[in-house]
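Notes for the one structure printed next.
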Amino acid sequence: MKSLQINGQIRQFLPQEMPSTLSALLEKLGIGATTVVAEVDGQIVRPEEFTRTAVRDGQTIELIKFMGGG
Amino acid sequence: MSLTEEQIQRYSRNIILEQVGGAGQEKLLSSRVLIVGLGGLGSPAALYLAAAGVGTIGLLDGDVVDLTNLQRQVIHHTKDVGKRKVASARSKIRAVNPDAAVRSHDVWARADSIREIIREYDFVIDATDNFPAKFLINDACYFEGIPFSHAGILQFEGQLMTVIPGKTACYRCVFAGPPPGNAGAPCGQAGVLGVLSGVIGSLQATEAIKCLLGIGELLTGSLLTYSALTMDFRKVPAKRRADCALCGQDPTITSLVDEGKVTCNRKGCKR
Amino acid sequence: MTAKLDLRGVPCPLNLVKVKLAIEKVAVGDILEIEIDDGEPIQNLPVSLGRQGQEILETTEQQGYFCLKVRRRL
Ligand SMILES: [Zn+2]
């Protein structure tokens with residue numbers, strides 16, 4: 001099994017189902033790619049970089065929503 | 001400046017705190033905080049800052065109280081529907097604490113005027129309800145060097161971050177700019193749990209008071225996220241970005257621009 | 001320098017607030033003389049002063065009230 005820590009929680013993936021990029025991960029989680037920025041091991045990744053940002057076993061990922069309400 | 005007998009009684013629970021004392025209370029009374037947006041976040045922030053004895057409270061909002069506001073905007077009462085928000089909020093602040101002087105700015109946050117307004121204050125609370133305004137306040141506070149509290153809410157979740165311009169990560173370090181389309185837009189159809197805005201707005205007031213007093217550790221360099229459904233508070237580290245378009249090494253944003261209001265095209269939404 | 005503070009008739013916790021404000025006005029090392037009521041006030045005051053890190057030099061009982069000499073330490 002491969003795993004990612006997403007927003008503080010461990011998610012496990014079968015090796016063949018492990019997403020390879022941030023875009024693929026968001027799709028798997030059902031999160032719209034324009035609704036969040038991501039932080040991969042402490043580095044912020046902007047939406048336009050999601051398709052070319054690789055995701056690897058053991059990484060810590062934060063998905064931070066755009067929240068415009070007040 | 002010395003505290004009157006009435007002030008000693010009114011602020012006794014502040015003064016007795018080791019980190020506040022009489023000197024701290026006098027500092028609050030001589031401090032000026034601007035609240036931009038008198039909605040869900042601005043309502044509790046204004047009431048708590050007034051109660052705490054912040055001497056000057058600026059209110060900036062060009063809107064009118066609407067019946068749909070009352071579910072979360074607790075500074076406005078049923079009888080205020082139809083009134084200017086700044087006038088409605090001003091009367092409650094004065095009723096809570098006559099020590100709080102109120103400066104009303106019955107306008108929308110705009111690029112051509114916001115800098116002149118915010119430079120009169122020691123701390124700014126971003127309690128606005130749209131992305132263009134949030135980025136405008138971030139940029140204006142950066143150019144004027146005024147610390148501020150960012151917050152946003154959506155449905156059952158909220159986020160919060162304090163920014164010391166030029167020293168700690170800014171809103172653009174995390175979110176480069178408004179999201180494409182209407183993602184995360186504060187649409188009436190998305191809904192929001194009223195009490196959520198009370199939690200987050202109260203946290204913004206907490207940060208303002210800490211910053212004014214110079215006590216504790218500010219919520220800088222990390223974004224606090226809160227989920228009302230799971231009761232999870234999480235701090236996500238947010239470092240300054242060298243390539244931030246505003247506060248990075250080679251900035252491309254060097255003056256204020258209005259990003260234009262986000263409009264919602266969802267069916268039945270008035271925004 | 002010795003400053004004086006008469007807190008007879010001032011209830012808790014307002015008396016503690018007044019002590020705190022008075023101590024802020026005394027220089028570190030100087031003494032504040034406090035007159036305070038018997039009962040709850042005299043029970044609470046030493047605890048409050050201890051929490052603030054101040055030193056009680058002397059406590060004398062008068063008729064129905066107490067007189068404390070406190071040295072500002074912090
Ligand atoms: Zn920045």
Side-chain angles (χ1 to χ4, degrees), chain A, chain B residues 36-43 72-73 125-135 150-155 157-160 169 173-188 190-192 196-197 200-201 204 223 225 227 232 234-239 241 243-244 262:
Chain A
M1 290 294 267
K2 300 196 179 226
S3 73
L4 293 170
Q5 186 179 318
I6 302 167
N7 290 357
Q9 300 204 316
I10 305 284
R11 286 277 305 231
Q12 296 205 310
F13 298 91
L14 293 168
Q16 66 273 22
E17 288 174 5
M18 173 78 176
S20 59
T21 64
L22 267 179
S23 303
L25 172 66
L26 291 174
E27 202 181 318
K28 201 165 199 75
L29 298 174
I31 296 170
T34 58
T35 63
V36 292
V37 296
E39 206 179 84
V40 179
D41 290 338
Q43 295 301 314
I44 289 168
V45 181
R46 266 72 187 267
E48 60 271 22
E49 303 163 316
F50 288 173
T51 49
R52 51 193 150 88
T53 303
V55 167
R56 281 181 296 276
D57 186 32
Q59 279 181 324
T60 299
I61 297 174
E62 300 287 344
L63 300 173
I64 311 168
K65 280 187 197 166
F66 279 93
M67 290 188 197
Chain B
V36 187
L38 295 169
L41 297 171
S43 290
R72 64 197 177 284
Q73 303 182 12
I125 290 185
D126 170 16
T128 60
D129 65 354
N130 64 87
F131 290 110
K134 288 186 190 302
F135 284 96
H150 152 77
I153 51 174
L154 185 68
Q155 297 181 331
E157 291 176 276
Q159 64 182 213
L160 185 78
C173 287
V174 182
F175 302 97
N182 293 312
C187 178
V192 63
L196 168 75
S197 49
I200 304 295
Q204 290 188 281
L223 184 93
T225 64
S227 162
D232 282 323
R234 300 192 64 240
K235 265 186 181 178
V236 181
K239 281 184 284 192
R241 273 183 78 127
D243 65 349
C244 174
V262 179

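Below, chains carry the letters A, B, ... as their sequence lines are ordered, and counting in each starts from 1. Owing to the predicted nature of the structure, the values given are computational and were not obtained by experimental measurement.
Side-chain contact check for B:Leu154 versus A:Phe66: every heavy-atom pair is 4.5 Å or farther apart. Counting only heavy atoms from C-beta outward, the side chains of B:Val236 and A:Glu62 approach each other to under 4.5 Å. Taking the side chain as every heavy atom from C-beta outward, A:Met67 and B:His150 never approach each other to under 4.5 Å.
Contact count against chain A (heavy-atom pairs under 4.5 Å) is highest for B:Ala176 among B:Gly40, B:Ala133, B:Ala176, B:Ser43. Counting heavy-atom pairs closer than 4.5 Å to chain A, the top residue among B:Thr128, B:Asp126, B:Ile200 is B:Thr128.
Contact of B:Leu223 with chain A is made through the side chain alone, with heavy-atom distances under 4.5 Å. Interface remark: B:Gln73 contributes no atoms to any contact with chain A (heavy atom separation under 4.5 Å). With a 4.5 angstrom heavy-atom cutoff, B:Ser197 does not touch chain A via any of its atoms. Within the 4.5 angstrom heavy-atom criterion, no atom of A:Glu48 approaches chain B. Contacts between B:Ala127 and chain A at a heavy-atom distance below 4.5 Å involve the backbone alone (N, CA, C, O). Using a 4.5 Å cut-off between heavy atoms, B:Arg241 contacts chain A through its side chain alone, with no backbone atom that close.
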Worked verdict on B:Phe175 versus A:Ile44 for side-chain contact (heavy atoms from CB on, under 4.5 Å): CA-CA 9 Å; B:Phe175 302 97; A:Ile44 289 168; over 6 Å; no
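Within a 6.0 Å radius of CD in A:Gln5, more than 12 heavy atoms belonging to other residues, nucleotides or ligands are found.
Expressed to the nearest 0.5 Å, how far OG1 of B:Thr225 lies from CG of A:Asn7 amounts to 7.0 Å.
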